[in-house]
Amino acid sequence: MSQSQTKDENNLNQKNSNDGLDPNWRNDALDLGLDYGMQTIAVRAGQHRTDEGEHSEPIFTTSSYVYQSAADAAAHFDGTKTGNVYSRHTNPSVRTFERRLAALENGERAVATASGMGAILTMCLAYLKAGDHLLAANQLFGSSIGLFNNYMAKFGVEVSYVDCFDNEAWANAVQPNTKVIYCESPSNPLAQICDIGYLSTLCKANDILLVVDNCFATPALQRPLDLGADVVIHSATKYLDGQGRVLGGALVGSDKLMQEAFTVVRSGGISMSPFNAWVFTKGLETLKLRMQAHCNNANQVAEFLVNHPNVSTVHFSGLSDHPAHELATRQHHMKDGYGAIMGFEVKASDSRDTKEAAWHVIDSTQMVSITNNLGDAKTTITHPATTTHFRLTPEARAEAGVKDGLIRLSVGLEDVEDIIKDLARGLDSL
């Protein structure tokens with residue numbers, strides 16, 4: 001080793017010891033202090049290039065890390081130096097995804113988890129305790145309701161629900177011990193819209209955290225933190241990946257709130273794998289472009305459905321007569337971007353009740369995938385009452401608006417004419 005190399009290394013080590021950061025925690029390939037647009041951030045933010053000079057982000061498939069000395073190891077463990085400790089805690093591939101997603105959501109920090117439900121569980125464990133009250137929307141993914149009712153209630157958290165679009169009901173349901181208001185906007189499966197600005201004002205007046213699931217809109221359409229939310233939740237499995245490949249979740253918010261979430265992930269092992277993080281990072285590169293295409297297709301499919309004689313109702317805020325159309329237009333920053341998830345209800349016929357009619361439409365498709373996943377490049381279709389929400393009681397399904405004739409559609413990236421023809425097979429023959 002040359003004297004100049006030794007000097008350079010000594011200087012670097014001295015700098016590290018002075019600022020308490022490993023180089024890969026300090027450097028970013030994109031200076032986020034400059035005014036870059038969303039697509040640039042989606043392609044370049046969060047990456048730290050190693051000494052190999054790689055252009056694409058690497059996958060760090062390692063469980064642990066090597067230190068320069070016993071003192072260096074101790075400094076990492078006691079927090080004197082910020083750096084990698086163990087991949088259950090920190091991993092460079094996961095960190096790249098977290099940094100990029102945080103930048104897209106205009107958040108200070110993101111914390112990645114093993115799944116979307118892992119992110120919701122992390123939220124509960126980080127911000128709720130026995131004796132607290134969780135106020136949530138009726139219109140939620142069935143597993144979220146199951147988690148709240150069966151497990152958070154089991155550990156002493158009081159849970160209650162209101163209609164997501166009823167601002168007066170939200171205000172009336174707040175209790176002295178309410179600590180978190182939780183909603184999806186758009187919601188699953190009816191794509192209903194919450195007034196995030198109103199909920200933010202309500203929460204700030206009562207010292208409550210506002211947590212918004214932004215899975216259906218993504219930061220390409222909506223940034224809840226900009227609208228006053230405290231924490232954003234993602235099932236990265238959906239649009240952030242965009243091709244139905246891997247599982248993951250994330251929370252985004254302030255450094256302080258995310259440190260609490262990180263502690264839960266670190267202690268509970270709800271960690272994202274490096275490979276999955278790499279897939280999500282690459283998915284973010286095309287998120288805005290994909291969401292534009294998804295929305296364009298969805299707008300046309302919704303118009304077809306609303307005009308079909310065998311469809312009674314279409315739940316999609318992109319329709320001009322939808323009660324939340326104006327609100328969605330105001331909250332979603334992409335022009336004509338209302339998401340690509342919609343629910344539609346089919347009519348009964350002489351030979352079929354509404355459930356049988358819904359199953360007939362689903363079973364008549366030849367191209368559309370019958371699956372409970374969504375946010376995929378491929379259009380997917382499911383019957384919520386017997387899949388995503390089947391564990392709920394009939395009363396709970398009714399409160400959530402999940403009727404037997406309801407079909408949930410996640411509009412993909414195929415030629416829109418082919419999507420419409422596939423749906424028409426069953427609708428035309430009811």
Side-chain angles (χ1 to χ4, degrees), residues 137-139 163-170 183-199 212-224 226-227 239 288-347 358 361 368 374-375 379-381 384 400-403 405-424 427-428 430:
N138 274 323
Q139 298 81 1
D163 284 334
C164 70
F165 45 80
D166 189 338
N167 288 347
E168 185 176 352
W170 283 111
C183 67
E184 300 171 354
S185 188
S187 68
N188 187 356
L190 300 181
Q192 291 169 316
I193 307 296
C194 294
D195 189 335
I196 298 173
Y198 171 83
L199 291 178
V212 178
D213 187 318
N214 199 32
C215 172
F216 282 14
T218 80
L221 305 186
Q222 171 181 267
R223 294 189 187 99
D226 290 354
L227 299 171
Y239 288 111
K288 181 179 179 181
L289 305 176
R290 288 186 286 106
M291 292 307 294
Q292 286 176 321
H294 277 294
C295 291
N296 290 340
N297 277 359
N299 291 340
Q300 295 179 66
V301 170
E303 288 294 338
F304 159 74
L305 291 172
V306 81
N307 289 301
H308 198 285
N310 290 325
V311 174
S312 60
T313 308
V314 179
H315 302 277
F316 182 65
S317 64
L319 296 169
S320 59
D321 61 350
H322 188 279
H325 178 73
E326 186 277 332
L327 176 61
T329 301
R330 178 158 38 92
Q331 290 188 165
H332 293 181
H333 54 75
M334 181 185 287
K335 181 177 173 54
D336 297 325
Y338 299 94
I341 311 297
M342 63 189 69
F344 64 97
E345 297 173 32
V346 296
K347 297 177 180 178
V361 172
V368 171
L374 55 87
T379 298
T380 66
I381 195 168
V402 178
K403 301 178 182 178
L406 177 70
I407 294 171
R408 189 190 71 191
L409 187 71
S410 172
V411 180
L413 301 180
E414 304 94 344
D415 288 326
V416 69
E417 295 82 4
D418 293 328
I419 301 171
I420 290 172
K421 282 191 295 186
D422 214 30
L423 295 172
L427 288 172
D428 291 349
L430 280 176

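These figures come from a predicted structure and were not determined experimentally.
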Would Val411 and Met342 count as a side-chain contact (heavy atoms from CB on, under 4.5 Å) if you check the C-alpha gap in whole Å, the side-chain angles of each, and the deciding distance to 0.1 Å? CA-CA 8 Å; Val411 180; Met342 63 189 69; 3.9 Å; yes
One pair to check against side-chain contact (heavy atoms from CB on, under 4.5 Å): Leu406 and Leu190. What are the steps and the verdict? CA-CA 9 Å; Leu406 177 70; Leu190 300 181; 3.5 Å; yes
Step by step, work out the side-chain contact (heavy atoms from CB on, under 4.5 Å) result for Lys288 and Met334. CA-CA 9 Å; Lys288 181 179 179 181; Met334 181 185 287; 4.2 Å; yes
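For the residue pair Asn188 / Gln139, no side-chain donor-acceptor distance below 3.5 Å is found, with atom types taken as modelled. Side-chain atoms of His333 and Asp226 form no donor-acceptor pair, as typed in the model, at a separation below 3.5 Å.
Nearest heavy atoms, Leu199 versus Cys183: CD1-SG, 4.0 Å. Across every non-hydrogen atom of Trp170 and Ala137, the tightest pair is CH2-N, 3.5 Å. Looking at every heavy atom in both residues, Ser185 comes nearest to Asn214 through O-OD1, 4.2 Å. The shortest non-hydrogen separation linking Ala328 to Ile193 is CB-CG1, 4.0 Å. Taking both residues in full, the closest heavy atoms of Ile341 and Phe316 are given as O-CD1, 3.7 Å, listed atom of the first, atom of the second, then distance. Nearest approach of Ala298 to Ala340, heavy atoms of both residues: CB-CA, 3.6 Å.
Annotation: the span from Cys164 atom SG to Asn138 atom CG amounts to 8.5 Å, rounded to 0.5 Å. Expressed to the nearest 0.5 Å, how far CD1 of Ile420 lies from CG of Leu423 amounts to 8.0 Å. Within the model, atoms CG of Asn297 and CG of Asp415 stand 8.0 Å from one another, a figure rounded to the nearest 0.5 Å. With rounding to the nearest 0.5 Å, the separation of CG in Leu409 from CD1 in Ile419 is 7.5 Å. Considering CG of Asn296 and CE of Met291, their distance stands at 11.0 Å, rounded to 0.5 Å.
Taking Leu430 as the reference, Asn310, Val346, Arg352, Ala357, His360, Val361, Leu427 meet the side chain to side chain contact (heavy atoms under 4.5 Å, CB included) condition, with sequence neighbours excluded. Taking the ring pair (Phe, Tyr, Trp, His ring centres under 6.0 Å) definition, one finds that His294 meets it with Tyr239, sequence neighbours left out. For Tyr338, the ring pair (Phe, Tyr, Trp, His ring centres under 6.0 Å) partners at least two apart in sequence or on another chain are His325.
Looking only at distances, a side-chain donor or acceptor of Gln331 sits under 3.5 Å from a matching main-chain atom of Cys194. Within the 3.5 Å criterion, the main-chain N or O of Phe165 finds no donor-acceptor partner in the side chain of Asp163. Checked by atom type and distance alone, the side chain of His315 never pairs as donor or acceptor with a backbone atom of Phe344 at under 3.5 Å. When atom types are taken as modelled, the side chain of Ser187 and the backbone of Gln192 share a donor-acceptor pair closer than 3.5 angstrom. Checking side-chain atoms of Asp166 against main-chain N and O of Ala169 turns up a donor-acceptor pair under 3.5 Å. Although no hydrogens or angles enter the test, the distance criterion places no donor-acceptor pair under 3.5 Å between the side chain of Ser410 and the main chain of Leu374.
Sorted by first and then second residue, the salt bridge (charged side-chain N to carboxylate O under 4.0 Å, His left out) pairs involving residues 187-197 (not counting sequence neighbours) form an empty list. Every pair passing salt bridge (charged side-chain N to carboxylate O under 4.0 Å, His left out) that includes a residue from residues 336-345 is listed here, sequence neighbours excluded: Glu345-Lys403. Judged as a salt bridge (charged side-chain N to carboxylate O under 4.0 Å, His left out), the pairs with a partner in residues 303-328 (not counting sequence neighbours) are, in order, Glu326-Arg330.
By the 4.5 Å heavy-atom criterion applied to side chains, Pro224 and Gln222 are counted as neighbours.
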